[in-house]
Amino acid sequence: MSVDSVAVFLNQNKKNIEILRFEDTSTVAKAADSLGVTPGEIAKSLLFKVKDDFVMVLMAGDKRLDNKKFKEIFHSKAKMPEAEEVSEATGHPVGGVCPFGLKNPIPVFLDYSLQAYSFVFPAAGASNTAIKLTVNELEELTKGQWVDLIQA
């Protein structure tokens, strides 16, 4: 169902983008290997709990979150929700979380690290899916706000 919600979202936004299916793309390394790209080109989706709300951060797959920068921007520590909370909030399972076809509206933040690539590959609602997007398409579809959240 999660992949279906991504397909519906893409269709509603008039994007003819194929949902790519593989054996397993649940981690950055597995996704990069399956797609034949560098880990940095994987747009990893990270869901965080900020007080009683959620925010989603997308960043290059080879980068790590800087907790100090996160706290400066969101005025809260970066707290990862439990797997059940992730599924309940997004409608997507852990390993397939993406910023599209979300069950509930969640603000999306795009880390500048993604701008190093012509194309990026976020998950598409399941641990064996991905889609190929330009960074501009990712920004357009997510209505994401650009931030600097990676460790230097």
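Note that the structure is a prediction, hence the values are computed from the model and not measured.
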Please find the pair of heavy atoms, one from [X] and one from [Y], that lie closest to each other, and give the distance.
X: Leu35; Y: Ala130; result: CD1-CB, 4.2 Å
X: Glu137; Y: Ile17; result: OE2-CD1, 4.4 Å
X: Met59; Y: Leu114; result: C-CD2, 3.5 Å
X: Ala124; Y: Val6; result: O-CG2, 3.5 Å
X: Phe70; Y: Ser76; result: CD2-O, 3.4 Å

What pairs of donor and acceptor atoms, side-chain ones from residues 88-100 against any protein atom, are under 3.5 angstrom apart with sequence neighbours left out?
from: Glu88; atom 1: OE1; to: Lys103; atom 2: NZ; distance (Å): 3.4
from: Glu88; atom 1: OE2; to: Lys103; atom 2: NZ; distance (Å): 3.0
from: Thr90; atom 1: OG1; to: Val86; atom 2: O; distance (Å): 2.7
from: Thr90; atom 1: OG1; to: His92; atom 2: N; distance (Å): 2.9
from: Thr90; atom 1: OG1; to: His92; atom 2: O; distance (Å): 3.2
from: His92; atom 1: ND1; to: Ser2; atom 2: OG; distance (Å): 2.1
from: His92; atom 1: NE2; to: Phe100; atom 2: O; distance (Å): 2.7

Which distance, rounded to the nearest 0.5 Å, do you find between the [atom1] of [X] and the [atom2] of [Y]?
X: Leu138; Y: Gln115; atom1: CG; atom2: CD; answer: 10.5 Å
X: Lys49; Y: Lys77; atom1: NZ; atom2: NZ; answer: 15.5 Å
X: Asp33; Y: Thr27; atom1: CG; atom2: OG1; answer: 9.0 Å
X: Leu58; Y: Leu46; atom1: CG; atom2: CG; answer: 7.5 Å

Find out whether [X] and [Y] are in side-chain contact, i.e. whether some heavy atom of one side chain is under 4.5 Å from a heavy atom of the other.
X: Trp146; Y: Glu139; value: yes
X: Arg21; Y: Val3; value: yes
X: Lys71; Y: Asn67; value: no
X: Thr25; Y: Phe121; value: no
X: Phe74; Y: Leu149; value: yes

Test log, rule side chain to side chain donor-acceptor pair (under 3.5 Å), inputs Thr134 and Asn136: CA-CA 5 Å; Thr134 67; Asn136 288 339; 5.3 Å; no
Cluster check [X], [Y]: I/L/V/M/F/W/Y, side chain < 4.5 angstrom:
X: Leu102; Y: Phe48; answer: no
X: Met80; Y: Met56; answer: no
X: Phe54; Y: Phe109; answer: no
X: Phe22; Y: Ile42; answer: yes
X: Val147; Y: Val50; answer: yes

query: Would you say Glu84 has more than 12 foreign heavy atoms packed within less than 6.0 Å of its CD?
result: no
Would you say [X]'s side chain and [Y]'s backbone share a donor-acceptor pair under 3.5 angstrom?
X: Ser5; Y: Gly101; result: yes
X: Lys44; Y: Lys63; result: yes
X: Glu41; Y: Val120; result: no

- request: Not counting sequence neighbours, which residues clear side chain to side chain donor-acceptor pair (under 3.5 Å) with Ser113? List them please.
  value: Asp111
task: Go through the structure and list residues passing side chain to side chain donor-acceptor pair (under 3.5 Å) with Asp66, not counting sequence neighbours.
output: none
